[in-house]
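Quick note: numbers below take in every heavy atom, side chains included, and nothing from hydrogens, waters or symmetry partners. Numbering starts at 1 and runs along the sequence shown. Read the numbers this way: they start at 1 and go in the same order the structure lists the ligands and their atoms.
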Amino acid sequence: MTENTPRRLLLVNGPNLNLLGVRQPEIYGSESLADVVSLVERTAAEHGFEVRAVQSNHEGVLIDAIHAAREDCAGIVINPGGLTHTSVVLRDALSSVALPVAEVHISDVNAREEFRRFSYVRDVSAVHVIGEGVPGYAIAVSKLVEVIAGRADG
Ligand code: CA2
C-alpha cells in the first residue's frame with residue numbers, strides 16, 4: 001500500500017439484494033441490506049478504509065459505479081446477485097477497472113441449482129467468499145485489504 005492508495009472500498013450489491021431480510025430468510029438470513037452496509041463499513045473502518053455502497057436492480061447503474069471506482073477506490077467488494085451467472089458486461093466492467101475484486105455470495109451457490117455454479121465474475125476476482133451468510137462480507141473485506149496491501153507493496 002502506498003500513500004497514494006485511496007482509503008476507500010466500493011461495495012456493490014446487485015439485483016434483488018434490496019430484499020434481504022424481507023423475503024426468503026431461509027436462504028439469505030434475516031439481516032437487511034442496511035445491516036450488510038453497516039457491517040462492511042465497520043470492518044473497513046478497522047482497516048482504515050471508508051466505503052461507498054451501491055445497490056441497484058439495473059445493470060448499467062452498477063457498471064457506472066464500477067467505472068467511477070477507478071478514480072478513488074482501492075478495491076471492490078461485490079455480490080452481483082443473479083448477474084453473477086449471466087453478465088459478461090459486468091465481468092468486463094470489473095476487469096476493465098483493474099482493481100482487486102472480492103466476490104461474495106451469501107448462500108452456497110455450489111449447493112443450489114446447477115445454473116448457480118457458474119460465475120462470470122469468478123476469474124476476475126482475487127477473493128471468493130461463498131456460503132458464509134452476511135458475515136461473509138466482513139471476511140471479504142479483510143481478505144481484500146490483504147490483497148490491496150500486498151499489491152501496492154510489490
Ligand atoms: O447467495 C447470494 O448471495 C446470491 O448472489 C444471491 C442472488 C442469487 O441469484 C445468486 O445465485 C446467489 C439472489 C439475490 C436475491 O436476493 C434476495 C434476497 C432476499 C429475498 C429475495 C432475493
Check: [X]/[Y] side-chain N/O donor and acceptor closer than 3.5 Å:
| X | Y | result |
| --- | --- | --- |
| Asn16 | Tyr28 | no |
| Ser38 | Asp35 | no |
| Asn57 | Gln55 | yes |

Check whether any side-chain N or O of Arg70 sits under 3.5 Å from a backbone N or O of Val97 as a donor-acceptor pair, and report yes or no. no
Could you check whether any side-chain N or O of Arg52 sits under 3.5 Å from a backbone N or O of Leu10, counting only pairs where one atom can act as donor and the other as acceptor? no
If we only count heavy atoms from C-beta on, is the Val141 to Val77 side-chain gap below 4.5 Å? yes
Ligand 1: which residues have a non-hydrogen atom closer than 4.0 Å? Pro15, Asn16, Leu17, Leu19, Leu20, Arg23, Gln24, Tyr28, Asn79, Gly81, Gly82, His85, His105, Ile106, Ser107, Val109, Arg116
